[in-house]
Amino acid sequence: MAALWPCRHAAAEKEDVNRMLYVRFFRQTLIERIFSSRTYSLILLHGFTLYLYMRPVIRVSKDMGCGAALWAFPFLLSNIFFLLIFMVGIVYYFSDVPFMQNKNMYQVIRTGRMMWAAGQISAILAQAFLLMAANIAFSMLLLVGTCEYTLDWGKLYHTLALTGGAETYRFLFAFSYETMQMFSPLELLGLTVLIGTLVISFIGLFMFTVSLYINRNVAVTLAFLMVIMIYLVENIHPLLRRWSAMFAPVNWMRVTQIGMKLHDSFMQPSVSYMLAVLIAGITACAGLICIKIKRTEFQWYKEE
């Protein structure tokens, strides 16, 4: 037994070193991705789009002398055109996968293939959450000065949902009274963050996987097709909408349609189905990435 102790102690020390190395690499990778030209471009695109969509809310709030609650983002995201612009930006953001620029070659040498893959996968998951959080935060920031600090939906949104005020002020999206009856603001916002983070993570990892096994152009093309599928779901016969929506993960980000019916047919699959499919898809992509990284010969390219 005494002879086994040094071996166990050495193994524990090695595990601690690997854990510290992974955390350091993950932090470095995430910082590099956040402070990049692609991030700045995406922030400009999303920020300008949010401003255009939120401007009527600010105007009607001032005209009616009624504060706007901070919880408008889920309704924005459920607008098909806003979602299209939002996700086109996401596809652009991950279009440089699998991050095999010359500078990354030295990271692989220092950390090893599998730790490099794990760090890249973790960074994509973290970026997905941060992108959702940043958009929600900015949509709230735009309302500062005209907002109503409440944990309810507030009088303004109920009025817009039940009257023609949204048409008068040329809103680009709609407030759903049924959704406000079904979910509290924090419930709907939490569901938006959860599903949005998983969908963005899946898109990023899917593009990573396809880039490794085929090439980057195919990955971008397939990702765009996944985004465009929201038009198929929107325009298909109402009785077939839920069936088609089951195969369109991007459409699941339209969370205000969850539990809603159109011609006695649900517009979205159940939340449990969405979560199960997204988690399974993310896990499958992560596994395929690790398998490929372990066996492939890297082809590095100069920074763009």
Point to revise | Any donor-acceptor N/O pair, Tyr213 side chain to Leu288 backbone, under 3.5 Å | key: yes
Practice item. Find out if a path of hydrophobic residues (ILVMFWY) with successive side-chain heavy-atom gaps under 4.5 Å connects Leu77 to Ile90. Key: yes
Practice item. Give me the other members of the hydrophobic cluster that Leu162 sits in, counting Ile, Leu, Val, Met, Phe, Trp and Tyr linked by side-chain heavy atoms under 4.5 Å, directly or via other members. Key: Tyr177
Review point. Restricting to pairs with a member in residues 70-81, which pass side chain to side chain donor-acceptor pair (under 3.5 Å), not counting sequence neighbours?
Key: Tyr53-Asn79, Ser78-Thr256
Review point. Can Ile43 be reached from Ile34 by stepping across I, L, V, M, F, W or Y side chains whose heavy atoms are under 4.5 Å apart?
Key: no
Review point. Restricting to pairs with a member in residues 57-85, which pass salt bridge (Lys or Arg N to Asp or Glu O under 4.0 Å), not counting sequence neighbours?
Key: none
Practice item. Mark yes when over 12 heavy atoms from residues, nucleotides or ligands other than Phe81 sit less than 6.0 Å from its CZ; otherwise mark no. Key: no
Check your understanding: Would Met246 end up clustered with Val233 when hydrophobic side chains under 4.5 Å apart are linked, directly or stepwise?
Key -> no
Check your understanding: Do any pairs count as a side chain to side chain donor-acceptor pair (under 3.5 Å) and have a residue in residues 231-242, sequence neighbours left out, and if so which ones?
Key -> Glu234-Arg254
Point to revise | Among Val250, Leu222, Val227, the one residue meeting side-chain contact (heavy atoms from CB on, under 4.5 Å) with Val91 | key: Val227
**Study point:** Within 6.0 angstrom of Phe247 CZ, more than 12 heavy atoms from elsewhere
**Key:** yes
Point to revise | Atom pair OG1/CG of Thr150 and Leu70 - distance to nearest 0.5 Å | key: 9.5 Å
Review point. Is the Phe86 ring parallel, tilted or perpendicular to the His46 ring (thresholds 30°, 60°)?
Key: parallel
Check your understanding: Side chains of Met54 and Phe138: closer than 4.5 Å at any heavy-atom pair?
Key -> no
Exercise for review: Could you tell me whether a side-chain N or O of Ser61 sits under 3.5 Å from a main-chain N or O of Thr146, the two making a donor and an acceptor?
Suggested key: yes
**Study point:** Reported CD1-to-CD1 distance for the pair Ile200 and Ile195, which is rounded to 0.5 angstrom
**Key:** 12.0 Å
Check your understanding: Got Val144 and Met140 here, is their nearest side-chain heavy-atom distance under 4.5 Å?
Key -> no
Practice item. Tell me who clusters with Tyr92, hydrophobic residues only, linked when side chains sit under 4.5 Å apart either directly or through other members. Key: none
Review point. Rounded to the nearest 0.5 Å, how far apart are CD1 of Ile121 and CD1 of Ile282?
Key: 11.0 Å
**Study point:** Residues forming a side chain to side chain contact (heavy atoms under 4.5 Å, CB included) with Ile85, sequence neighbours excluded
**Key:** Leu45, Thr49
Practice item. Compare all side-chain heavy atoms of Cys285 with those of Phe208 and state whether any distance is below 4.5 angstrom. Key: no
Check your understanding: Is the Tyr157 ring parallel, tilted or perpendicular to the Phe175 ring (thresholds 30°, 60°)?
Key -> parallel
